[in-house]
Amino acid sequence: DYVDDLKKGRSDVLETNHTLVLGWSDKTLPIVEQVSNANESEGGGVIVILAEMEKERQEELIGEFEYESLGTRVICREGNPLLVADLKKVNAAG
C-alpha cells in the first residue's frame, strides 16, 4: 500500500537542486557531513542517497553517525544507481 511504499522508500523524490549520492560506501557518511557543512550558508539543502541497501538501514546508519545536519535533510532510497528507472525515481535530472 501507499504508506508501506513511503516507509520502504519506493516513492519518487520530488526535490530539485538536491545533491545526489549514488551507492553506499565507507565514504558516504563523511560526504553527507561535508555537503551539510557546504549547505549551511544557504540555510541547508537536500541530499538524496540512492543505494542498494534498505532505506531503513541507510537511515539507521545516518542516525548513528555523529554530525550536525545544519539544516540539510537526507532522503534515502533503495535502488540500483545503474538503472535509469531508479535514477528517475530520485529525480537525477532535477
Side-chain angles (χ1 to χ4, degrees):
D1 71 337
Y2 179 73
V3 174
D4 190 48
D5 284 350
L6 287 176
K7 286 181 186 174
K8 297 282 185 192
R10 293 188 195 115
S11 60
D12 289 349
V13 172
L14 304 177
E15 305 292 335
T16 57
N17 299 319
H18 53 291
T19 301
L20 183 57
V21 177
L22 299 176
W24 191 282
S25 74
D26 60 338
K27 306 287 188 248
T28 301
L29 295 172
I31 287 170
V32 167
E33 182 176 32
Q34 289 177 7
V35 173
S36 296
N37 289 335
N39 287 339
E40 181 182 18
S41 64
E42 297 173 18
V46 178
I47 300 169
V48 177
I49 301 172
L50 175 64
E52 293 183 272
M53 176 190 296
E54 288 184 354
K55 173 186 183 273
E56 292 93 343
R57 181 65 180 141
Q58 294 178 51
E59 291 173 342
E60 183 180 314
L61 291 170
I62 291 166
E64 293 170 357
F65 185 64
E66 293 187 20
Y67 79 105
E68 291 187 47
S69 65
L70 305 170
T72 292
R73 294 185 302 119
V74 180
I75 299 171
C76 301
R77 290 293 182 267
E78 181 179 357
N80 185 335
L82 301 177
L83 295 179
V84 172
D86 288 350
L87 290 169
K88 287 180 179 178
K89 183 168 64 173
V90 295
N91 198 11

Verify side chain to side chain contact (heavy atoms under 4.5 Å, CB included) between Ile31 and Ile47, making sure each step is shown before the conclusion. CA-CA 10 Å; Ile31 287 170; Ile47 300 169; over 6 Å; no
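- From Leu61, atom CG reaches atom CD of Glu56 across 12.0 Å, with rounding to the nearest 0.5 Å.
- Taking every heavy atom of both residues into account, Ala38 and Ser41 meet most closely at O-OG, 3.8 Å.
- Partner Leu50 forms a side-chain contact (heavy atoms from CB on, under 4.5 Å) with one of Val21, Val13, Leu87 and no other, that one being Leu87.
- Looking at every heavy atom in both residues, Met53 comes nearest to Arg57 through SD-CG, 3.7 Å.
- Using a 4.5 Å heavy-atom threshold, the side chains of Val74 and Ser69 count as separate.
- To the nearest 0.5 Å, atoms CD (Glu42) and OG1 (Thr72) are separated by 9.0 Å.
- Proximity of a side-chain donor or acceptor of Lys88 to a complementary backbone N or O of Asp12 within less than 3.5 Å is not detected.
- The neighbour count for Glu66 CD, taken as heavy atoms of other residues, nucleotides or ligands under 6.0 Å away, does not exceed 12.
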Stepwise side chain to side chain contact (heavy atoms under 4.5 Å, CB included) test for Tyr67 and Val32: CA-CA 9 Å; Tyr67 79 105; Val32 167; 3.6 Å; yes
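- Of all non-hydrogen atoms in Leu82 and Asn80, the two that sit nearest each other are N-OD1, 2.8 Å.
- Nearest heavy atoms, Pro81 versus Glu52: CD-CG, 4.3 Å.
- Scanning both residues, Glu78 and Lys89, for their nearest heavy atoms gives O-NZ, 2.9 Å.
- Using a 4.5 Å heavy-atom cutoff, the side chains of Arg77 and Lys55 are in contact.
- Taking each heavy atom of Ala51 and Gly23 in turn, the nearest pair found is CB-C, 3.8 Å.
- Ile49 pairs in a side-chain contact (heavy atoms from CB on, under 4.5 Å) with only one of the listed residues (Thr28, Ile75, Val90, Leu29), which is Thr28.
- No side-chain donor-acceptor contact under 3.5 Å links Glu59 to the backbone of Cys76.
- Atom CG of Leu70 and atom CG of Asn39 lie 9.0 Å apart (nearest 0.5 Å).
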